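Okay, so here's the structure we're looking at.
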Amino acid sequence: MKDPSFRLERAIEAALSGGVFVSGLLLLVGLAGARPGLLRSGVVLLMLTPVARVLVMTVGLFHERDYVFGALSLWILAVLASGIWVSVRL
């Protein structure tokens, strides 16, 4: 059985790689087809990829019963979410 921290690192790597890959694909298709909606979606997804990383990390830390760092990661996620909420409202 693999170390739980190794599995968490792999999950974070998958979230980051998947976000960058899908974002790049949206950007490429948007550029090739002159589709501003796809370009915008690609940029937004690229900007949200680090948020997905924090989300995966938070879930993984609580799953590993590391409550102190899980709570800290949850706090960081709340700060990111509040920043996104404020920027959408402006």
Side-chain angles (χ1 to χ4, degrees):
M1 184 169 209
K2 294 188 178 182
D3 182 27
S5 63
F6 177 76
R7 289 187 303 159
L8 179 58
E9 289 173 15
R10 296 295 291 173
I12 291 169
E13 179 185 346
L16 290 173
S17 298
V20 169
F21 177 76
V22 173
S23 172
L25 191 63
L26 286 170
L27 289 170
L28 188 63
V29 171
L31 279 173
R35 308 268 314 259
L38 288 177
L39 286 171
R40 190 173 306 115
S41 297
V43 170
V44 168
L45 182 61
L46 188 62
M47 290 168 45
L48 289 177
T49 300
V51 177
R53 184 234 189 269
V54 175
L55 181 64
V56 169
M57 182 69 141
T58 303
V59 170
L61 286 169
F62 279 118
H63 184 7
E64 290 180 359
R65 292 186 168 89
D66 191 350
Y67 298 116
V68 172
F69 284 108
L72 231 129
S73 183
L74 191 62
W75 175 258
I76 292 169
L77 194 59
V79 169
L80 289 171
S82 68
I84 292 169
W85 184 78
V86 167
S87 67
V88 167
R89 293 291 193 187
L90 291 178

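Predicted model only: the values in this text are computed from it and were never measured.
- Cluster membership for Leu80 and Leu48, using ILVMFWY side-chain heavy atoms within less than 4.5 angstrom, is shared.
- Minimum interatomic distance between Pro36 and Ala34 (heavy atoms only, all atoms of both residues): CD-O, 3.3 Å.
- Separating the CG atom in Leu27 from the CG atom in Leu45 is a distance of 8.5 Å, to the nearest 0.5 Å.
- You'll find the side chain of Leu16 reaches within 4.5 Å of the side chain of Ile12, heavy atoms only.
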Would you mind writing out the side-chain donor-acceptor pairs for residues 83-90 within the sub-3.5 Å range, not counting sequence neighbours?
unit_1: Ser87; atom_1: OG; unit_2: Gly83; atom_2: O; d: 3.3
unit_1: Ser87; atom_1: OG; unit_2: Ile84; atom_2: O; d: 2.8

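- Of the inter-residue distances, the one linking Leu61 atom CG with Ser5 atom OG reads 10.5 Å to the nearest 0.5 angstrom.
- Nearest heavy atoms, Gly42 versus Ser23: O-OG, 2.6 Å.
- Val59 is not connected to Val56 by any chain of hydrophobic side-chain contacts under 4.5 Å among Ile, Leu, Val, Met, Phe, Trp and Tyr, and they are in different clusters.
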Side-chain donor/acceptor pairs under 3.5 Å, residues 66-78, sequence neighbours excluded:
unit_1: Ser73; atom_1: OG; unit_2: Thr58; atom_2: OG1; d: 2.5

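- The closest side-chain heavy-atom distance from Leu8 to Glu64 is below 4.5 Å.
- In the hydrophobic clustering of this structure, Leu38 does not group with Val44; members are Ile, Leu, Val, Met, Phe, Trp, Tyr whose side-chain heavy atoms approach within less than 4.5 Å, directly or through other members.
- One finds the CZ atom of Arg40 at 12.5 Å from the CG atom of Leu26 (value rounded to the nearest 0.5 Å).
- Here salt bridge (charged side-chain N to carboxylate O under 4.0 Å, His left out) pairs that include residues 10-28, with residues two or more places apart or in two chains, are Arg10-Glu13.
- Note: Met57 CE to His63 NE2 = 14.0 Å, rounded to the nearest 0.5 Å.
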